[in-house]
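Shown next, in structure tokens, is the structure this report addresses.
Remember, it's a predicted structure, so these values are computed and weren't measured experimentally.
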Amino acid sequence: MKKLLLLSLYMLLLGFAHGQTAWKIVGQLKTRDAKDIQSSTWSIGGETLDRDYTDYQSYKTYLGPLGAKRIRLQGGWSKCEKVKGVYDFAWLDAVIPDAASRGVSPWVELSYGNPIYEGGGEAKLAGHIPTSPEALAAWDNWVRAMVNRYQKHVPEWEIWNEPDLNPKHTGTEIAEFYVRTARIVKSIQPNAKLIALGMASVTKLDFMKDFMEYLKKNNALDLIDILTYHGYAYNPDSSYPHIEKMRELVWSYKPTVEFMQGENGAPSTPKAITIGAMRDQDWSELTQAKWDLRRMLGDHGRGIATNLFTISDIHYGPGDHMLGVNTKGLLKTNPDKTIERPKMAYQAAQHVFSLFDSQIALQKTKPTTDQPSVYAFQYQHKAKGGSLVAIWSGEARPADTYEPKLTTITVEGTFKKPVLVDLISGKVSEIPKNQWKKTGNQFVFSGIPVSDYPFVLADKSALSIKR
């Protein structure tokens with residue numbers, strides 16, 4: 001009954017979103033396998049394999065068709081080294097080369113601690129980093145073994161995850177640990193990109209400042225290429241003022257640092273079911289898809305790469321930071337962690353990953369609208385020349401029911417056959433001729449329905465469409 005109700009709400013939403021039923025549907029946006037996409041900034045989360053909370057062998061067949069070009073994996077020191085000095089890499093050998101063979105490049109996070117060593121830290125989220133001389137030496141050895149073994153398939157290494165979740169960590173302490181680890185990686189793989197910091201919060205600027213100060217004082221700013229952060233928010237569009245302050249701080253030390261949303265996504269179930277971030281409000285598969293789209297395109301429009309969290313629901317076990325099922329996966333799982341089916345968000349992500357690849361260039365020009373709280377970012381297809389505008393209302397967190405606002409959009413660009421793309425369903429509708437005109441260098445589109453998740457207004461030539 002719940003599935004039928006959700007489907008009914010979705011179909012109702014689509015009817016509103018197209019503004020009027022007279023709009024002609026001219027096709028369906030094509031999705032592409034990762035192997036067929038040359039490059040993009042999109043990544044998908046493959047976290048917690050280090051603790052067996054997800055099953056790569058169950059979800060791997062969904063990985064290529066999703067279309068993300070990268071996957072975030074966690075290295076799992078304690079899973080690799082259960083006996084001092086003895087490594088078992090069989091579990092990673094079954095994952096890293098396989099993902100790469102599917103056209104999805106792994107980036108590996110080096111974490112967590114290993115309790116077989118005194119002072120070795122904890123093998124869980126929010127655990128402490130290793131601190132004793134013996135544990136740090138063992139950590140160094142494991143990092144060397146990891147980089148030597150997987151450098152062929154892993155071009156990027158992230159060092160630790162959400163260090164600011166542990167109240168005992170300081171920015172200076174984490175910086176010292178980061179530099180120690182980064183120098184080992186670079187000594188083996190000089191061309192590797194190094195990723196810091198996996199910050200849980202986007203507001204702890206003092207922590208970030210202490211981290212960057214340590215790098216500066218120790219001539220180690222060359223050891224950070226990319227900075228990752230998480231920072232969940234009920235309304236994803238509300239995060240960006242804090243993110244801009246973080247970017248301003250980091251760029252004051254090193255202007256060339258790239259920013260990447262290292263982990264973000266929404267639950268797909270009511271609060272009685274899910275665990276993890278944003279668990280105290282009710283969600284559905286529809287609001288998950290809407291939220292994920294807003295986070296992805298909000299990042300993309302600001303030149304920020306995105307790691308969408310996550311491919312599969314996560315079954316946290318006893319003794320970790322939390323216990324239960326985190327339903328942020330694009331794939332719904334069975335109790336044994338095998339895959340039941342893709343969710344609506346999987347399809348939505350496919351549409352974004354297939355459309356917004358390296359062929360689509362973000363433009364400096366900004367569309368204007370007659371509605372408040374509307375976000376719009378403009379793009380152009382590099383080869384075909386057609387323009388695209390991603391647009392949505394960001395006034396509140398996504399809702400199961402939302403009546404789109406009819407909006408006038410003014411934009412400079414190239415539109416010979418303008419269409420509107422629903423990024424959840426993939427349906428492409430022709431915009432009626434009486435609802436758009438060209439005035440000088442500008443196009444004016446009137447009566448365009450803007451919903452609480454992104455649609456794309458595009459020249460048809462910029463799209464790959466199947467009928």
Side-chain angles (χ1 to χ4, degrees), residues 13 16-20 23 29 233 235-245 247-248 290-291 293-304 306 351-352 355-356 359-382 384-399 402-424 428-463:
L13 176 69
F16 279 131
H18 283 92
Q20 45 186 297
W23 284 28
L29 194 65
N235 179 344
D237 299 295
S238 68
S239 299
Y240 294 106
H242 298 298
I243 293 167
E244 290 307 319
K245 289 180 181 178
R247 289 214 281 188
E248 182 180 355
K290 290 180 173 186
W291 194 101
L293 285 170
R294 279 167 60 172
R295 166 55 79 214
M296 286 188 286
L297 289 176
D299 289 347
H300 199 261
R302 293 171 173 85
I304 300 169
T306 301
H351 295 140
V352 171
L355 177 56
F356 290 93
Q359 298 180 87
I360 305 296
L362 181 65
Q363 302 295 289
K364 292 182 178 180
T365 52
K366 294 284 186 181
T368 60
T369 72
D370 62 348
Q371 295 284 351
S373 301
V374 167
Y375 293 90
F377 297 97
Q378 185 173 343
Y379 301 85
Q380 186 173 27
H381 195 289
K382 293 178 181 177
K384 299 177 181 177
S387 296
L388 308 92
V389 175
I391 186 166
W392 67 94
S393 172
E395 60 188 326
R397 59 161 285 199
Y402 180 89
E403 185 170 352
K405 296 176 172 61
L406 298 183
T407 303
T408 296
I409 303 168
T410 303
V411 58
E412 292 183 16
T414 301
F415 296 93
K416 295 179 180 179
K417 294 184 178 179
V419 294
L420 197 65
V421 184
D422 182 331
L423 289 175
I424 293 182
V428 181
S429 299
E430 187 178 71
I431 298 177
K433 187 66 181 79
N434 63 356
Q435 289 185 236
W436 65 278
K437 63 182 179 179
K438 184 177 182 183
T439 304
N441 294 326
Q442 294 184 325
F443 287 84
V444 179
F445 298 89
S446 59
I448 304 300
V450 173
S451 191
D452 64 342
Y453 69 96
F455 277 64
V456 174
L457 191 161
D459 184 64
K460 192 177 178 183
S461 70
L463 308 176

Is the backbone of [Y] close enough, under 3.5 Å, to the side chain of [X] for a donor and an acceptor to pair up by distance?
X	Y	answer
S387	T414	yes
D299	I304	no
R294	P454	no

Legend entry - SB check D452 K290 (cutoff 4.0 Å):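 K290 and D452: salt-bridged.
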
Inset, instruction - Look at K245 together with E248 and state whether they make a salt bridge at an N to O cut-off of under 4.0 Å. - result: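 So K245 does not pair with E248 through a salt bridge.
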
Let me confirm one number: the [atom1]-[atom2] distance from [X] to [Y], rounded to the nearest 0.5 Å.
X	Y	atom1	atom2	result
L457	I391	CG	CD1	7.5 Å
I360	Q380	CD1	CD	9.0 Å
L388	L463	CG	CG	6.0 Å

Can you find a side-chain donor-acceptor pair between [X] and [Y] that sits under 3.5 Å?
X	Y	answer
S238	R397	no
Y402	S393	yes
W392	D237	yes
Y379	Q359	no
T410	Q442	no

Inset, instruction - Could you tell me whether K384 atom NZ has more than 12 heavy atoms of other residues or ligands within 6.0 Å of it? - result: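 Atom NZ in K384 is crowded, with more than 12 foreign heavy atoms closer than 6.0 Å.
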
Minimum heavy-atom separation for [X] to [Y], with atom names?
X	Y	answer
V389	F415	CG2-CZ, 4.3 Å
K405	Q371	CD-OE1, 3.8 Å
G303	L362	N-CD2, 4.2 Å
D370	T408	OD1-N, 3.0 Å
A376	K366	O-CD, 4.3 Å
A462	G386	CB-O, 4.0 Å

Inset, instruction - Taking the six-membered ring of W436 (Phe, Tyr or Trp), confirm whether the NZ or CZ of K433 is under 6.0 Å from its centre and within 45° of its axis. - result: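 Yes, a cation-pi geometry.
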
Legend entry - Stepwise side chain to side chain contact (heavy atoms under 4.5 Å, CB included) check, I431 with I448: CA-CA 9 Å; I431 298 177; I448 304 300; 4.1 Å; yes

Inset, instruction - Please assess K438 against E412 for the test salt bridge (Lys or Arg N to Asp or Glu O under 4.0 Å), listing each intermediate value before the final yes or no. - result: CA-CA 9 Å; K438 184 177 182 183; E412 292 183 16; over 6 Å; no

Legend entry - Parallel, tilted or perpendicular: rings of F445 and F443 (30°, 60°):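 Ring orientation, 0 to 90° scale: parallel.
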
